[in-house]
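Take a look at the structure below.
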Number of protein chains: 2
Amino acid sequence: MKEHDHAGRPRATLEDVAREAGVSRATASRAIRGGDLVSSANREAVQEAVERLGYVPNPAARSLVTRQTDTIAVVVPEHDDRIFSDPFIGRTIAGVGEALADTPQQVVLLMRSRSRGNEQLAAYLRGGHVDGIVVVSHHRDDHLAREIARSQLPTAFIGRPLEDGIDLPYVDLDNVAGGRLAAERLLASGMRHPATVTGPQDMVAAIDRLAGWGEALRAAGLDDSVRYEGDFTMLPAQELGRRLFEEHPEVDGVFAANDLIAVGVMNAARERGLRVPGDVRIVGFDDTPLGMSTHPQLTSITNPAGELARIATQLVLDQLAGERPAWPVILTPELVARESA
Amino acid sequence: MKEHDHAGRPRATLEDVAREAGVSRATASRAIRGGDLVSSANREAVQEAVERLGYVPNPAARSLVTRQTDTIAVVVPEHDDRIFSDPFIGRTIAGVGEALADTPQQVVLLMRSRSRGNEQLAAYLRGGHVDGIVVVSHHRDDHLAREIARSQLPTAFIGRPLEDGIDLPYVDLDNVAGGRLAAERLLASGMRHPATVTGPQDMVAAIDRLAGWGEALRAAGLDDSVRYEGDFTMLPAQELGRRLFEEHPEVDGVFAANDLIAVGVMNAARERGLRVPGDVRIVGFDDTPLGMSTHPQLTSITNPAGELARIATQLVLDQLAGERPAWPVILTPELVARESA
DNA sequence: CTGAAAGCGCTTACAG
DNA sequence: CTGAAAGCGCTTACAG
């Protein structure tokens with residue numbers, strides 16, 4: 001069963017190119033991979049043959065001998081609904097792709113399967129399909145860190161890995177500082193009754209943001225106990241917002257652990273007839289485009305997804321090149337003041 | 001350069017398994033792939049050896065002989081910002097993954113590259129990395145249909161391909177009927193001055209929705225000339241909405257070609273102090289979760305992404321199995337009445 | 001049901 | 001700079 005092209009001819013092989021160019025397979029191979037140890041005459045002959053034949057190297061054959069697949073996995077242990085609705089995750093995935101644009105590496109997106117959880121994903125990683133891994137949106141119990149550590153593959157986490165005894169390269173935002181920034185902004189605008197809707201407490205970003213928030217509140221002598229645990233998505237956050245304003249009508253400042261949560265809380269506030277920022281001030285996180293389309297526009301904390309992705313990718317690329325890059329890399333968040341707080 | 005596992009041993013090969021189980025490579029291979037022509041004693045021995053050694057077949061070696069890659073590409077010729085913000089696209093990608101969950105096939109997501117456009121994507125397809133292709137969000141001039149037709153790979157488009165002389169399997173929603181549905185709803189609620197913000201007119205969904213809309217309006221004796229061309233995203237749609245209400249203050253009904261556009265238009269209406277649906281009624285399209293989080297909630301037209309993805313995937317799988325599936329498959333949209341119209 | 005052998009399409013020391 | 005040859009790790013007729 002041979003492969004055929006659109007004209008019905010079997011797909012050209014290196015052997016065909018070599019014959020057509022009048023050289024051996026070895027020099028054809030060298031010429032194609034831009035080898036420097038090929039005479040320019042032969043290089044040209046091969047080049048022409050390649051074009052005439054429409055030759056494309058068989059990646060399986062190449063991988064078999066080079067032991068490289070030229071593909072990097074972006075692992076996102078989340079379901080599609082979150083992956084395709086959270087702008088931060090999207091920017092991150094795209095960022096890896098952009099960072100790899102000038103390399104031969106391809107990106108493959110691996111997400112949590114609805115039917116088989118992370119097991120399918122782990123099996124793929126184990127299967128030798130990829131040369132390196134970038135992980136984003138890791139949860140404490142997804143067992144990914146352990147699995148990946150065992151794989152010995154070049155890896156970088158975006159966000160500090162959470163499993164015990166795991167020591168893997170990562171890049172992260174200083175989320176504690178981010179939480180503090182949110183508190184300080186709200187404090188400065190006169191908030192007396194703070195509340196927060198957090199992210200899931202099995203994720204390091206959510207944990208750290210809450211830590212920074214609580215720390216700053218306590219330092220200011222305020223109560224930090226009003227908190228609702230969300231999951232970084234909008235609709236559940238909206239429901240949480242309803243409960244929040246119901247159970248704590250005195251609240252006049254809310255730190256939402258990401259912009260999606262912020263929009264949910266803002267909707268809940270509007271439903272209650274609360275004005276933002278008049279009655280209640282809201283600060284989001286991630287500084288996504290979403291925040292510019294709300295009314296009022298959202299004050300938020302930066303979380304440079306593209307930059308994090310770029311650095312994580314470089315961490316993997318360095319390991320692939322046999323180097324030992326320095327890590328962790330920690331970026332500093334900033335507050336973007338708009339209208340909501 | 002051998003591959004090593006976490007204990008420093010080179011990765012086990014089929015040869016190792018065969019030796020360990022006391023059989024030939026051939027029967028080891030048969031046993032592993034669930035071959036029926038292996039004695040149960042040998043099957044068990046091989047099974048044990050596989051586990052003891054932690055053996056995982058080398059996919060490159062297997063592909064080289066089977067000429068199958070066990071991967072299906074989901075091709076989305078859009079930039080990341082749209083892919084990761086449009087719920088319809090996200091559901092579609094995830095739907096392909098779900099439809100493949102019980103097969104050995106893996107999904108790889110191919111999107112338009114910022115630096116190299118669709119060329120990189122086409123090169124990957126040409127490279128023999130995949131067994132089949134599902135295309136979503138195709139544009140008239142992305143040259144994908146032609147490229148894919150030449151590749152001879154099993155393919156299915158979600159949305160009728162637009163290039164001339166291309167005859168490729170596809171599944172689609174009856175978007176003309178959808179546009180009509182929107183018009184009828186608005187007409188029934190007493191709209192006298194219709195307007196529409198369309199999708200990009202190089203996409204079949206956008207073209208067809210507009211056609212159905214215009215047709216129904218003219219049938220009702222109304223003017224269908226007030227139209228603004230959007231690109232299926234929210235922020236530009238919001239700007240278009242501003243212009244619309246500025247230039248046509250008489251408008252009392254808007255058909256937005258998708259929910260993202262609808263949200264943009266709704267925001268623009270609110271900015272102008274227009275009440276929805278009091279002053280202006282709005283119908284969206286795609287019936288995404290987004291529409292349930294707006295105020296008022298969005299009346300929309302269904303566009304079953306998961307179902308479309310499932311059918312498209314099946315179309316590809318059938319071709320892979322050497323069958324000739326019937327196409328096109330056309331689904332019928334329905335109106336979901338909520339608050340905005 | 002089983003094994004020896006050929007072959008998939010490349011790359012890469014090695015010798016020249 | 002070049003070619004003959006070995007080898008990457010599998011699968012699959014073929015003969016038994």
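Values in this document were obtained by computation on a predicted structure and should not be read as measured data. Protein chains get the first letters and strands the later ones, always in sequence-line order, with residue 1 at the start of each.
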So does Arg11(A) reach the base of dG9(C) with its side chain, donor to acceptor, closer than 3.5 Å?
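Counting by modelled atom types and ignoring angles, no donor-acceptor contact under 3.5 Å is found here.
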Establish, with yes or no, whether the OP1 or OP2 oxygen of [N] is under 4.0 angstrom from a side-chain nitrogen or oxygen of [X].
X	N	result
Asn42(B)	dC1(C)	no
Arg33(B)	dT11(D)	yes
Ser39(A)	dT2(D)	yes
Ser29(B)	dT11(D)	yes
Thr66(B)	dC8(C)	no
Thr13(B)	dC10(D)	yes
Arg67(B)	dG9(C)	yes
Thr27(A)	dT2(D)	no

Should Glu20(B) and Arg52(B) count as an ion pair when the cut-off is N to O under 4.0 Å?
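Here Glu20(B) pairs with Arg52(B) in a salt bridge, since their nearest N and O are under 4.0 Å apart.
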Electrostatic pair Glu98(A)-Arg91(A), nearest N-O below 4.0 angstrom
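Yes.
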For nucleotides dG16(C) and dT12(C), find the distance between their C1' atoms and express it as a whole number of Å.
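Per the computed distance, 16 Å lies between those C1' atoms.
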Tell me the partner of dA4(C), counting only Watson-Crick (N1-N3 plus N6-O4 or O6-N4) or G-U wobble (N1-O2 and O6-N3) with both under 3.5 Å; none if nothing fits.
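No nucleotide pairs with dA4(C).
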Check every atom of dC10(D), dA13(D), dG9(D) against the side chain of Tyr55(B) and return the nucleotide holding the closest atom.
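It is dC10(D).
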What is the distance, to the nearest angstrom, from the CG atom on Asn58(B) to the P atom on dC10(C)?
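In whole Å, dC10(C) P lies 16 Å from Asn58(B) CG.
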